[in-house]
S.K.: 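Dumping the structure here so I can ask a few things about it.
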Number of protein chains: 2
Amino acid sequence: MARAAAVKAVSGEMSDASDRMGQILSESARLFATKGYDGTSMRDIAEACGISKSLLYHHFTDKDEIYARIALGSTQRLFEFVEERLPEGGTPPERVRAFMTATGDYFQRYRSNWIASTAAFWSDPELRRHKERMMWRDRYEGLIRRLIQDAINSGDFRPVDVPLTGRLVLSSLNWMHRWYRPEKGLTPAQIADSYYDLIFNGLKAE
Amino acid sequence: MARAAAVKAVSGEMSDASDRMGQILSESARLFATKGYDGTSMRDIAEACGISKSLLYHHFTDKDEIYARIALGSTQRLFEFVEERLPEGGTPPERVRAFMTATGDYFQRYRSNWIASTAAFWSDPELRRHKERMMWRDRYEGLIRRLIQDAINSGDFRPVDVPLTGRLVLSSLNWMHRWYRPEKGLTPAQIADSYYDLIFNGLKAE
DNA sequence: CCTGCTTCCGACCAGGCGGTCAGTGTCGCA
DNA sequence: TGCGACACTGACCGCCTGGTCGGAAGCAGG
């Protein structure tokens, strides 16, 4: 069976698409990343690959398997990618830093796969139109930037990059819904408070 | 027309659902948050409300308008909610901290709306099964925790909460795809590096 | 009683969906 | 030359989707 032959082609995106499975995974990742999982039909994928829809089912059992292959491959590769970039001899902080920059690197190289596997959803209405809504988003983001700028002006914060710091703050808060479970542990406000402590005081000892 | 009468019922979730529109918005937010936008059909919404599908179209022009109302309402309310919780007389850092905890509070109170409007997509396959994939996720998250723990043990980091700090790091990286545009600015690795600087050194002056 | 408005329903529609199947062409190998 | 394995196709299926439509209840004012 063809599927066994292409175990190595977990990826997409990096593959040169010489083989069908690699091409299918690559195009699928691109489509999932731009249009979401539900927004991408098997017809879309087939068309993007220049093949018939039936052929997709020759290589994969169903749509979900294509997605699973992308998501799994992306996650696994992320781990390996990051791990092999940790400096053996470095100090612990250097290694934390390397973890972060390697993840950034990975994100850049395998952007479609990354987005497909961390957000293969956000679905059309999230990105389409809604100017009015963006106005509020912008005001919200503008607010945190202004607060940070104030804290810099007052001498309480060191002169950090304001937009980036704002994004760090919003990222920590926005991502909470992905792991937070209301049943147990701290309340969201307590978590936010802890984040503030971490960001304000930093990790550095003494 | 009924729509005009219920302009105030932007919300859902908070509304006691005495009126139809509030009920529809509330149930929709709950469904969008759990099953995603595409995964929620108009029939689902109607059934959850105990009404006919046609009635939905009496109150809203289409599915997208329901979503837009939820998302807009949620975003707008977030801004107002946070803004009115900023202490007038506080120091700038206190106000930054208040911004964050207020956002956490908001998240908790309007969880469905929040999730629906920031992630109304992640779609079924993201949460369903994929044990194997989770294994890699866990190893990846385990890795950053171990690195942080090492840095604490070595005395480079102060003794912070390891899981929470790991989540802060991953949040900053995972959320990047929502605002990063490859055309301009820093590379993702540079951004990650800047994040490291912020988190390691903190915001506190001198 | 009638009239008119609003709320509400059941039946219906075209279209797109994921998935199937019978079959065709093309290889490598005996 | 024949044959099996494989890559591949187009027509097709049942289902579910978002959305429409004609009309039925309930209630107002006259």
S.K.: B:Lys35 has an atom NZ; how far is it from atom P of D:dC16, in whole Å?
M.R.: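 Going from B:Lys35 (NZ) to D:dC16 (P), I get 13 Å.
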S.K.: Starting at atom CZ of A:Phe60, determine the distance to atom C1' of C:dT20, rounded to an integer number of angstrom.
M.R.: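 That distance rounds to 18 Å.
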S.K.: Given D:dC8, D:dG19, C:dG18, identify the nucleotide with an atom nearest to the side chain of A:Lys53.
M.R.: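 Of the candidates, C:dG18 comes closest.
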S.K.: Could you give the CD-to-P distance, from A:Gln23 to D:dA7, as a whole number of Å?
M.R.: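 Computing the A:Gln23:CD to D:dA7:P distance gives 14 Å.
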S.K.: Does a side-chain N or O of B:Arg20 approach OP1 or OP2 of C:dT6 to a distance below 4.0 Å, or not?
M.R.: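 For C:dT6, neither OP1 nor OP2 has a side-chain N or O of B:Arg20 closer than 4.0 Å.
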S.K.: Roughly, in whole Å, what's the span from CD in A:Glu47 to P in C:dC17?
M.R.: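 Answer to the nearest Å: 11 Å.
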S.K.: What nucleotide, of C:dG10, D:dA7, C:dG18, holds the atom closest to the side chain of A:Leu55?
M.R.: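 From the listed options, D:dA7 comes nearest.
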S.K.: May I ask you to check whether B:Ser41 and B:Asp44 show a side-chain donor-acceptor distance below 3.5 Å?
M.R.: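 Present: a donor and an acceptor within the cut-off.
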S.K.: Which listed nucleotide (C:dG10, D:dG18, C:dG19) is nearest to the side chain of B:Arg43?
M.R.: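 Minimum distance to the B:Arg43 side chain belongs to D:dG18.
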S.K.: Between A:His59 and D:dC8, does any side-chain N or O lie under 4.0 Å from OP1 or OP2?
M.R.: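 Yes, within the criterion.
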S.K.: Side chain of A:Ser41, heavy atoms from C-beta onward: which of D:dG18, C:dA11, C:dG18 has the nearest atom to it?
M.R.: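 Output: C:dG18.
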S.K.: Whole angstrom is fine here: how far is it from CG in B:Asp38 over to C1' in C:dG18?
M.R.: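 Roughly 14 Å, once rounded to whole Å.
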S.K.: Name the residue closer to the 5' end of DNA chain D, choosing between B:Lys63 and B:Ser54 according to the nucleotide with the nearest heavy atom.
M.R.: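 Its nucleotide being nearer the 5' end, the pick is B:Lys63.
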S.K.: Counting side-chain heavy atoms from C-beta on, which of C:dT20, D:dG18, D:dC21 comes nearest to A:Tyr57?
M.R.: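 Nearest to the side-chain atoms of A:Tyr57, counting from C-beta on, is C:dT20.
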S.K.: Would you mind reading off the distance between B:His58 atom NE2 and D:dG23 atom P, rounded to a whole angstrom?
M.R.: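 Spelled out: NE2 on B:His58 to P on D:dG23 is 18 Å.
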S.K.: Could you tell me whether a side-chain N or O of B:Gln76 sits under 3.5 Å from a main-chain N or O of B:Gly73, the two making a donor and an acceptor?
M.R.: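 Side chain of B:Gln76 to backbone of B:Gly73: no pair is present.
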S.K.: Rounded to the Å, how far apart are B:Met21 CE and C:dT6 P?
M.R.: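 Computing the B:Met21:CE to C:dT6:P distance gives 15 Å.
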S.K.: Looking only at side chains, do A:Arg20 and A:Gln23 share a donor and an acceptor under 3.5 Å apart?
M.R.: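 A donor-acceptor contact under 3.5 Å links the two side chains.
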S.K.: Is the closest side-chain donor-acceptor distance between A:Tyr37 and A:Asp64 under 3.5 Å?
M.R.: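 Yes, a side-chain donor-acceptor pair sits under 3.5 Å.
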S.K.: Atom CD1 of A:Ile24 and atom C1' of D:dC8: how far apart are they, to the nearest Å?
M.R.: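 Going from CD1 in A:Ile24 over to C1' in D:dC8 covers 11 Å.
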S.K.: Check whether B:Arg85 reaches the backbone of B:Phe81 with its side chain - one donor and one acceptor, N or O, closer than 3.5 Å.
M.R.: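 Checking the backbone N and O of B:Phe81 against the side chain of B:Arg85, a donor-acceptor pair under 3.5 Å is found.
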